[in-house]
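The chains referred to below are lettered A, B, ... by the order of the sequence lines, with proteins before strands, and numbering in each begins at 1. As a basis for the values below, the full set of heavy atoms in this structure was taken, side chains included, without hydrogen atoms, waters or symmetry mates.
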Amino acid sequence: MKTTQEPNANLVGQQMEKTYSPTATEKKWYEFWESRGYFKPIADNGKAPFVVIMPPPNVNGALHMGHALTMSVEDAFVRWHRMLGEPVLWLPGSDHAGINGELVVEKEVARTEHKTKRELGREEFLKRVWQWMDDYREVINNQLRVLGVSADWSRQAFTMDLGPQQAVRTTFKKLYDEGLIYQAERIINWCPGSQSNLSDLEVEMKEEDGFLWYIRYPVVGEEGRYITVATTRPETMLGDTAVAVHPKDARYADLHGKLLTLPLVGRQIPVVADEGVEEFGTGAVKVTPAHDPLDFEIGQRHQLPLINVLNLDASINENGGIYQGLDRFEARKRIVADLDAAGFLVKTEPYHHNVPYSERAHVPIEPMVSKQWWVKIQPLSEPALQAYLDGRIKFVPERFGKTYQDWMENIHDWTISRQLWWGHRIPVWYCVNGHQWATDQETETTCQICSTNEIWQDPDVLDTWFSSGLWPFSTLGWPDQTEDLRRFYPGSLMETSYDIIFFWVARMIMFGIHVMGDVPFHTVYLHGLIRDEKGQKMSKSKGNGIDPLEAMAQYGADALRFTLLTSSGPGVDTKFSLQKTEDSRNFANKIWNATRFIVMSLNPNIRLEGFESLQARLSELPLADRWIISRLNKLTADVTRLLENYDLSQSGKLLYDYIWGDFCDWYIEASKMRLNSPDPQTKAAVQAVLTGVLERTLRLLHPFMPSLTEEVWHYLPHEGEALIVAVWPSAGPIDTEAVTQFEALKEAISEIRNAKAEVKAETNRKVKAIIVAKPEFKPIFEREADILVRLAGVDANTLQITDQLDTPPTQALTKVTENTATTIYLPMAGLVDLDAERARLGKEIEEVRREIERSKANLAKPGFVERAPAQVVATAREKLAAAQERLAKLEAHLATLV
RNA sequence: GGGUAGUUAGCUCAGUUGGUAGAGCACCACGCUUACACCGUGGCUGUCAGGGGUUCGAGUCCCUUACUACCCACCA
């Protein structure tokens, strides 16, 4: 990619706009990061590399919210680890999407060229698919860049690249030679839409209202005697080769081995006794071994013939007699009508049942007998299960481990051949002399067994998930023993959506262990689905999807990312709304303006004290400074711990609360007095804290909002050339005394603001105030009077701070703070309605009394004092004492209002 | 038929190892205080789905019921 003009590495001293504009900024920094090579892993430095292989988006359209979530989560972890100084590899790619891709291009060809793929021919059709893939891959990659994805594009991979193709053939050959890939004729899920075999996972059950038709089959040689069977698919009777009953079912005991005449067809079929039949309903089932899984098994047990009555497009074939050529649903109608006319239809019942559908082509599946390729799964699944059981693979959230385990324990062989054109061609060859072999070569010229050159390749392709399963190592160059493979396998984190645990995660683990001898990653983080405001799945057909590109254009990529990351935790579905994105945009703007405020007062020529130095002499700093730095250290520890536990949501929220609440609402406001000081040293001292604290906070926030933080960081004094490679902060000391004292100050300020609001005094009106603090807090209020004056809006000249007041004012609003029992009088002649004040005090006294009652009752409860931990009892006692003190003060004050 | 989640303020969701419920939005009031109206200050709102149990103490642990969502499953 060509880089445009490099941004100013140092923006210190530059003017900032009043409002943050994300789009241009995001683009600028993305190009900067990429051009500097920050997305590439640094050289080995003794630290274990952090490796994430990106789930390759399907190349069949544009980016959607699910992608945006995936990328936001992965980018956050990736950026965090990069700041931890680890060699980080985030390997991007894209997926050819097998059946899905083929269908999309088929549709496109039909739309633009009015041709079916068969009319076009295999070679021509594949040309079209490649063109489509090339076009859309670029589109998607650019969209990922807009999001801020810090992946190493130089290692980008595509499942149909030559490397992954080699990996597919090599793996196939290995499994084939080991006898783990084999061919077998079985009943399979046939999709008439794509005209291909599907695995069980690609079939979804849909509840539907249908009918149950009861049909009677006459017993040969016993005039007037019938067996009645019920079916939801009457057209399959054309392929019936028996009727089965339970061996112990008395109703049919004498009919075992007798023959029935198949209505409409006239064929004679036997009655067989089989344990697989339940004794409910009519107790007899028609047996169509070629078109039903259960019937297939019954057929095997009784050596029944298979009669396939369907063509590949699910129309009736030549075995269907007069119904030949009809579509399956048309045939169904005709057969029911004919049965009815001939007197074989006993009754028709409405019936609610599950119908198997093709997940991709959205048409009902037809079970059919067919010869396909299979993977013998047990030898792969057992070690994969074991890896989970002994903790080599962990799931976040943990419960998905159980899901994985259940599936692995009940797994069936996996059918991997697809009758499609787009995908990895099955590397099996045949010769005229009936030989068959698998190869890891792209092409073959002679039979490996008899050397004839009359050979051909299997026409089918592989299930798209076969190549996906190799992704963690095929992307690193395997089967070649590359340097990347050595450094980055096994990987660290696999992050994806929980709905592809079986499709993808399980297969990667199986292949990883079997082919590479080691698990492909140690942690599987599964995110939830993005839904609309009403909790519905976003989908193109419903039209309720929110386009991430539009959301980003409106509010910025950082805002979208922050929203997605904080809206919900792993494994939990998220209701997405643009309102939330707007809130995140506001947060971004808040940070922008906080920086702007700080930067405006800065003199670039004055070097401020560094943060490390400030922290080293923490106890000498003013109260507010000690407080905000202590809070930052708490935040740093919390955010780090939460990230270690994969909790992005909670860490994002803590950052939000700290920045907006602690830093902006309290610290910046409290700093304004010192910032306006005529003394340059006082000013520089507070500037050092403002810039130092903000700079560290930006580092913590960078994984969540990379572009904004990078931009703003460059306006502040900083070391290093970019925030993206700045060092992740470690937590320093916490001054608990300062925290307690500053909280007392905050509490008093809030009470004063509250009192003023109650009498609807203008917020900015300076009021007279008398503070009666307990002796240990009195010096704090005196020392920090400036802050009190500024933040509470009290009149500095008349402010009185004491620990003893003999004659309290009568014409005053009065508050007693909850935690420190500081009494505050706001003498406001004229504004105080004595009756209202008495009423208000009365109400408050009631509340405190109730609290005291509860507290006392709790302490008096048998067993509490004896059994509860001493710490808890002590806290309860302190609370009670505080409430009692507060009550006394409130009552004393009420008494003066008579 | 099995299984897994969820049910907390009007809405969206937090609630770490059980200690007596919180944040944003919305709403109401006041405010253009020299970063931000994409703002500030203050306020309002809860039988933490129902029932039972364990415990000195349960939104948090156990049992149970209801509803919602999803996953798995070859009942004609």
A/Phe502 vs A/Trp407 aromatic rings, parallel, tilted or perpendicular, using cut-offs 30° and 60°?
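Parallel.
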
Check the angle between the aromatic planes of A/Tyr388 and A/Tyr404 and answer parallel, tilted or perpendicular using the 30° and 60° thresholds.
perpendicular

Does any donor atom in the side chain of A/Thr875 or A/Glu878 lie under 3.5 Å from an acceptor atom in the other side chain?
no

Could you verify whether a donor N or O on one side chain and an acceptor N or O on the other, from A/Thr236 and A/Lys286, lie under 3.5 Å apart?
yes

How close or far is atom [atom2] of [N] from atom [atom1] of [X], stated in whole angstroms?
| X | N | atom1 | atom2 | value |
| --- | --- | --- | --- | --- |
| A/Lys746 | B/rU41 | NZ | P | 11 Å |
| A/Met705 | B/rC38 | CE | C1' | 12 Å |
| A/Lys580 | B/rU12 | NZ | C1' | 5 Å |
| A/Glu669 | B/rC36 | CD | C1' | 10 Å |

Can you name the atoms? Protein N/O to nucleotides 7-11 of chain B N/O, anything below 3.5 Å, with the distance.
none

Contact class for [X] vs. all strands (heavy atom < 4.0 Å): base, sugar-phosphate, or nothing?
| X | value |
| --- | --- |
| A/Val277 | base |
| A/Arg585 | base |
| A/Trp213 | nothing |
| A/Thr232 | sugar-phosphate |
| A/Lys402 | nothing |
| A/Thr19 | base |
| A/Ser750 | sugar-phosphate |
| A/Met600 | sugar-phosphate |

Would you please enumerate the stems RNA chain B participates in, each stem being three or more consecutive Watson-Crick or G-U wobble pairs with both distances under 3.5 Å?
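Listed by first number, the stems are B:1-7 with B:66-72, B:10-13 with B:22-25, B:27-31 with B:39-43, B:49-53 with B:61-65.
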
Less than 4.0 angstrom from a charged side-chain N to a carboxylate O is my criterion; do [X] and [Y] meet it?
| X | Y | result |
| --- | --- | --- |
| A/Asp638 | A/Arg641 | yes |
| A/Lys746 | A/Glu743 | yes |
| A/Arg840 | A/Glu844 | yes |

Non-hydrogen atoms of A/Val789 and A/Lys766 that approach each other most closely
O-NZ, 3.9 Å

[options]: which one has an atom nearest the side-chain heavy atoms of [X]?
| X | options | value |
| --- | --- | --- |
| A/Arg753 | B/rU41, B/rA37, B/rC25 | B/rU41 |
| A/Lys590 | B/rC38, B/rU34, B/rG40 | B/rG40 |
| A/Asn586 | B/rC38, B/rG40, B/rA35 | B/rC38 |
| A/Ala594 | B/rC13, B/rU4, B/rA35 | B/rA35 |

Enumerate the protein-to-nucleotides 43-47 of chain B contacts in which both atoms are nitrogen or oxygen and the separation is below 3.5 Å.
residue, atom, partner, partner atom, Å
B/rG43, OP1, A/Asn754, ND2, 3.1

Which protein N or O atoms sit under 3.5 Å from an N or O of nucleotides 15-21 of chain B?
residue, atom, partner, partner atom, Å
B/rU20, O4, A/Asn858, OD1, 3.2
B/rU20, O4, A/Asn858, ND2, 2.8

Should A/Lys575 be listed as having a side-chain N or O under 4.0 Å from OP1 or OP2 of B/rC13?
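Yes.
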
Any side-chain N or O of A/Lys672 below 4.0 angstrom from OP1/OP2 of B/rA35?
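Looking at the OP1 and OP2 atoms of B/rA35, one of them is under 4.0 Å from a side-chain N or O of A/Lys672.
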
Using the test side chain to side chain contact (heavy atoms under 4.5 Å, CB included), find all partners of A/Arg186 that sit at least two apart in sequence or belong to another chain.
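By the side chain to side chain contact (heavy atoms under 4.5 Å, CB included) rule, A/Arg186 matches A/Tyr182, A/Ala184, A/Trp374, A/Asp413.
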
Between N or O atoms, less than 3.5 Å apart, protein on one side and nucleotides 70-75 of chain B on the other: list the pairs.
residue, atom, partner, partner atom, Å
B/rA73, N6, A/Asn354, ND2, 3.3

RNA chain B: 5'-proximal contact among A/Trp660 and A/Ile598 (nearest heavy atom):
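Nearest-nucleotide comparison on RNA chain B picks A/Ile598.
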
